[in-house]
Each structure stands twice: as structure tokens, then as C-alpha cells.
Protein chains: 2
Amino acid sequence: MKLTTRGHYSVKAMLDLSLQPQRDTTSVKAIAHRQELPAPYLEKLLIELRRAGLVESVRGAQGGYRLARSPAHISLGQILEAVGETIEPLPHHSPEANQAEDWVTFSLWHRLHQKLKDALHSISLEDLYYDARSWQAAQGEATSFVV
Amino acid sequence: MKLTTRGHYSVKAMLDLSLQPQRDTTSVKAIAHRQELPAPYLEKLLIELRRAGLVESVRGAQGGYRLARSPAHISLGQILEAVGETIEPLPHHSPEANQAEDWVTFSLWHRLHQKLKDALHSISLEDLYYDARSWQAAQGEATSFVV
DNA sequence: GTGATTAGCACTATAGCAGTCCTAAATTAG
DNA sequence: CTAATTTAGGACTGCTATAGTGCTAATCAC
């Protein structure tokens with residue numbers, strides 16, 4: 001169960017793509033510049049996102065990446081899983097739950113994981129898109145946000 | 001946001017302690033043997049749990065550890081936090097949310113974290129204790145469980 | 001005092017994340 | 001056709017945290 005910059009960068013990039021007008025391709029460099037991310041690193045993530053079928057790529061000049069389908073049909077869970085943010089507790093060993101304590105803790109981890117997974121899969125990129133738009137609108141008031 | 005063996009071992013050890021009859025002390029070695037954990041490593045975790053006020057220790061012969069208070073008043077969240085299972089996403093940087101994408105993702109991580117935290121703090125050691133007892137009962141007492 | 005046991009520190013090894021760099025392949029612009 | 005652009009993919013480095021071991025001191029029961 002973890003959440004690192006991989007997931008953060010990936011979601012930001014996907015959000016960036018959905019905020020682009022229409023569905024024309026955007027280069028890695030452009031995304032990296034807008035989101036202030038290291039371009040070579042971001043590219044790795046985009047490749048993984050492409051392999052997961054979440055984005056499409058076009059090589060060559062004027063090429064780049066674009067969403068493979070509408071933001072409403074892309075969930076956060078899919079994005080995070082695509083870049084290996086397992087969210088899963090204790091990847092390898094988990095079988096032999098021959099002790100009561102083992103069984104209890106494992107079933108607990110599993111329940112928690114399932115809950116979180118469901119939550120992440122129920123949130124679409126479109127939901128975040130609207131959040132972002134409303135935030136941008138609120139910025140018009142020049143309010144200082146301190147989270 | 002992570003969940004490693006530290007948390008798993010700690011919960012198992014705490015569960016082991018609550019399954020002990022009465023409130024007499026148990027040595028690290030005994031816990032490690034019952035739960036099949038590396039004793040020196042487990043000791044580190046118990047020291048952290050002691051510093052967090054979740055267990056009490058008694059040095060010297062016949063010494064060991066015992067719960068500092070009743071299992072009903074010890075939550076899973078307290079145990080995990082005591083051993084540094086932050087559960088928190090992206091510990092360090094998070095300020096400058098000057099971009100819509102940053103703000104959206106950060107507020108999302110924060111909401112998820114809060115949810116998970118609440119869930120973990122609402123589960124007491126006593127709840128797991130009952131789960132463990134019922135599992136033992138379901139096993140038909142065939143399994144050897146040191147009481 | 002002796003043995004048992006916690007307390008605390010130092011140490012190693014391994015793995016994954018974060019990030020850079022270089023080369024190849026594909027495709028468009030001119 | 002050629003050159004520029006851009007993705008694809010691998011090799012490589014530095015860092016941090018986990019996981020685990022080992023040793024020494026302090027403490028207490030007998």
C-alpha cells in the first residue's frame with residue numbers, strides 16, 4: 001500500500017491531457033513544462049499509461065500523447081494501477097495464514113484494500129476535471145488557498 | 001501511504017498480547033516464537049510501541065511487555081502510527097499548489113487519507129480480538145494455540 | 001552474584017523510487 | 001530525400017527506507 005510521486009505525476013499528466021482543448025496530441029515536453037515535471041521521467045510514466053491502454057501515442061513531428069477515451073471512462077484506480085501504485089498491502093507473502101493473528105490481520109488488510117480500491121475506481125478523471133475547472137474559476141477572486 | 005511488515009508485525013504482536021490471559025508480562029522471545037517473527041526486529045517495534053504509550057515494559061528476569069490499557073482503548077491507527085506507518089501520501093512537499101492540477105490531486109490524496117485514517121482509528125484491538133477468537137472457534141480447536 | 005530480559009546503538013544488505021542519459025525507430029515538414 | 005521532431009526503450013546513478021543482525025549496557029528476580 002503506497003502512494004508515491006509516480007501516482008501523483010501520472011494523475012497530473014492525465015488531468016493535463018483532459019484539460020487540453022479537443023483531442024489533439026500533446027508532446028511530453030509540453031506536459032512536463034506545464035506541470036513542472038521532469039520530462040524524461042514523465043515519459044516513462046506515459047509509456048506505462050499507453051501500455052495500459054489509457055492514452056494513445058503518435059510518433060514523429062507534431063506527435064505526442066492523447067487520451068485513449070473520454071475522461072468519464074478513465075478512473076483514478078486505473079491510472080494508479082497502470083504505473084504500479086499497487087495500493088496492495090504486502091505484495092508477496094500472504095498465503096499460510098495458519099495462525100489466528102495472521103488470518104485476522106490479513107483479512108483486515110484485504111478489506112481495507114478493497115474499500116480503497118473501490119473508492120479509487122469510482123472516481124473518474126472527469127470528476128477531477130470539474131474540480132480543477134471550479135478551482136480555476138475560484139482563482140479569479142484572487143483568494144489565497146492554504147491547505 | 002504505505003503498509004509494510006512493520007505494521008503487520010506490530011498488529012500481530014499487539015494481538016498476541018491481548019490474547020494472553022490476564023495482564024502479566026510476556027517476553028519478546030515468547031511473542032516472536034508464537035508469531036514466527038524475528039525476535040531482534042520485533043523488539044525494535046515493541047520499543048516504539050512503548051514510547052507511544054501502547055505497551056508497558058518490565059526489565060529483568062520474568063520481565064517482558066504487556067498492554068498499557070485495555071484492547072478496547074487501543075486503535076489500529078494508533079498502532080500503525082506508532083511504528084511509522086504514515087499512511088500519509090507524499091510526506092514532504094505539498095505546499096505550492098499554484099496549479100489547478102496540483103490542488104486537485106493534493107486535496108484528493110488528503111481526502112482519501114482522512115477516510116482511511118478514520119477507518120483505522122475506529123477499529124480497536126478488541127474488535128480484532130473477537131475476530132481472532134471466532135476464527136479459532138471455527139478451526140475446531142484443532143490448531144495449537146498457546147494460551 | 002548469576003541469569004534473564006529490556007534498552008539502545010551501530011551496522012549491513014536489499015529493494016524500490018526518482019531521475020538522467022543515450023540510442024534507435026517512426027513520422028511529419030520542408 | 002533529408003532533417004527535425006518525438007516516442008520507445010534500455011542502461012545507469014543516487015538516495016532512502018525497510019528488513020534484519022549483532023553487540024553492549026542497564027535492570028531486576030532469585
Side-chain angles (χ1 to χ4, degrees), chain A residues 1-10 12-13 17 24-33 35-68 80 82-93, chain B residues 1-10 12-13 17 24-33 35-68 80 82-93:
Chain A
M1 202 185 253
K2 61 184 159 59
L3 181 47
T4 68
T5 60
R6 293 175 72 81
H8 188 215
Y9 290 177
S10 298
K12 280 187 69 176
L17 284 179
D24 50 352
T25 61
T26 310
S27 74
V28 173
K29 220 181 295 178
I31 302 175
H33 181 255
Q35 303 300 327
E36 298 176 9
L37 303 175
Y41 188 51
L42 175 59
E43 193 166 303
K44 301 297 177 49
L45 300 175
L46 281 169
I47 292 177
E48 294 184 51
L49 291 170
R50 180 185 60 88
R51 293 207 183 112
L54 299 180
V55 298
E56 292 171 349
S57 68
V58 178
R59 284 191 175 190
Q62 307 304 321
Y65 289 93
R66 78 169 84 91
L67 294 183
L80 296 179
V83 295
E85 296 285 51
T86 59
I87 311 172
E88 216 122 352
L90 315 170
H92 19 289
H93 94 301
Chain B
M1 203 185 252
K2 59 183 160 59
L3 183 47
T4 66
T5 59
R6 293 176 71 81
H8 189 215
Y9 290 178
S10 299
K12 280 187 69 177
L17 284 179
D24 50 351
T25 62
T26 311
S27 74
V28 173
K29 219 181 296 179
I31 303 174
H33 181 256
Q35 304 300 326
E36 297 175 11
L37 304 175
Y41 188 51
L42 175 60
E43 193 167 303
K44 304 298 179 49
L45 301 175
L46 282 169
I47 291 177
E48 294 185 52
L49 291 170
R50 181 185 59 89
R51 293 208 182 111
L54 298 179
V55 298
E56 292 170 349
S57 67
V58 176
R59 284 192 174 188
Q62 308 303 322
Y65 290 92
R66 78 169 83 92
L67 295 183
L80 296 178
V83 295
E85 296 285 52
T86 59
I87 311 173
E88 216 120 353
L90 315 172
H92 18 291
H93 97 302

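First the proteins, then the strands, lettered A, B, ... as listed; each starts at 1.
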All N/O pairs under 3.5 Å across the protein-nucleotides 12-18 of chain D interface:
| residue | atom | partner | partner atom | Å |
| --- | --- | --- | --- | --- |
| D:dT18 | OP1 | B:Lys2 | NZ | 3.0 |

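- Heavy-atom nearest nucleotides on DNA chain D were determined for A:Lys44 and for A:Gly64, and the one closer to the 5' end corresponds to A:Gly64.
- Residues passing the side chain to side chain contact (heavy atoms under 4.5 Å, CB included) test with B:Thr26 are B:Leu17, B:Gln20, B:Ala30, B:Ile31, B:Arg34, sequence neighbours excluded.
- Within 4.0 Å (heavy atoms only), A:Pro40 reaches at least one base atom of the nucleic acid.
- Taking only side-chain nitrogens and oxygens, A:Ser27 never comes nearer than 4.0 Å to OP1 or OP2 of D:dT7.
- Neither OP1 nor OP2 of C:dT6 sits under 4.0 Å from any side-chain N or O of B:Arg51.
- The heavy-atom pair separating A:Ala13 from A:Leu42 by the smallest distance is CB-CD1, 3.8 Å.
- Straight-line distance from the CD atom of B:Glu48 to the P atom of D:dA19: 12 Å, rounded to whole Å.
- Between the C1' atom of C:dA18 and the CG atom of A:Leu37 lies a distance of 12 Å, rounded to the nearest Å.
- For the pair A:Lys29 NZ and C:dC21 C1', the computed distance is 15 Å after rounding to whole Å.
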N/O contacts under 3.5 Å, protein versus nucleotides 28-30 of chain D?
| residue | atom | partner | partner atom | Å |
| --- | --- | --- | --- | --- |
| D:dC28 | O2 | B:Ala61 | N | 3.3 |

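- Considering only the side chain of B:Val28, C:dT6 comes nearest among C:dT6, D:dA8, C:dA7.
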Please set out all donor-acceptor pairs under 3.5 angstrom arising from side-chain atoms of residues 47-54 of chain A, sequence neighbours excluded.
| residue | atom | partner | partner atom | Å |
| --- | --- | --- | --- | --- |
| A:Glu48 | OE1 | A:Arg6 | NH2 | 3.3 |
| A:Glu48 | OE2 | A:Arg6 | NH2 | 2.7 |

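- In this structure, A:Asp24 atom CG and C:dT28 atom P are separated by 15 Å, rounded to whole Å.
- Between the C1' atom of C:dT5 and the CG atom of B:Leu42 lies a distance of 14 Å, rounded to the nearest Å.
- Look at CD on A:Glu43: it is 16 Å from P on C:dA24, rounded to the nearest Å.
- Side chains of A:Val83 and A:Tyr9 form no contact here, defined as non-hydrogen atoms less than 4.5 Å apart.
- Summarising the geometry, atom CG belonging to B:Leu80 is positioned 11.0 Å from atom NE2 belonging to B:His8; distances are rounded to the nearest 0.5 Å.
- To the nearest 0.5 Å, atoms NZ (A:Lys12) and CG (A:Leu45) are separated by 12.5 Å.
- In this entry the distance linking CG of B:Leu46 with P of C:dT5 reads 14 Å, nearest Å.
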Donor-acceptor pairs under 3.5 angstrom involving side-chain atoms of residues 61-68 of chain B: please list them, not counting sequence neighbours.
| residue | atom | partner | partner atom | Å |
| --- | --- | --- | --- | --- |
| B:Arg66 | NE | B:Arg23 | O | 3.3 |
| B:Arg66 | NH1 | B:Glu56 | OE1 | 2.8 |

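- What separates CD1 of B:Ile31 from P of C:dA4 is a distance of 18 Å, to the nearest Å.
- Between B:Arg50 and the phosphate of C:dG8, there is a side-chain N or O to OP1/OP2 separation shorter than 4.0 Å.
- Separation of atoms CG (B:Leu37) and CD (B:Glu43) is listed at 13.0 Å; rounding is to 0.5 Å.
- At D:dT7, none of the side-chain N or O atoms of A:Arg66 fall inside 4.0 Å of OP1 or OP2 (strictly under the cut-off).
- When each of B:Gly7 and A:Tyr65 is assigned the nucleotide of DNA chain D with its nearest heavy atom, A:Tyr65 is the one assigned upstream, toward the 5' end.
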Are any protein N/O atoms closer than 3.5 Å to N/O atoms in nucleotides 13-15 of chain C? If there are, list each pair with its distance.
none

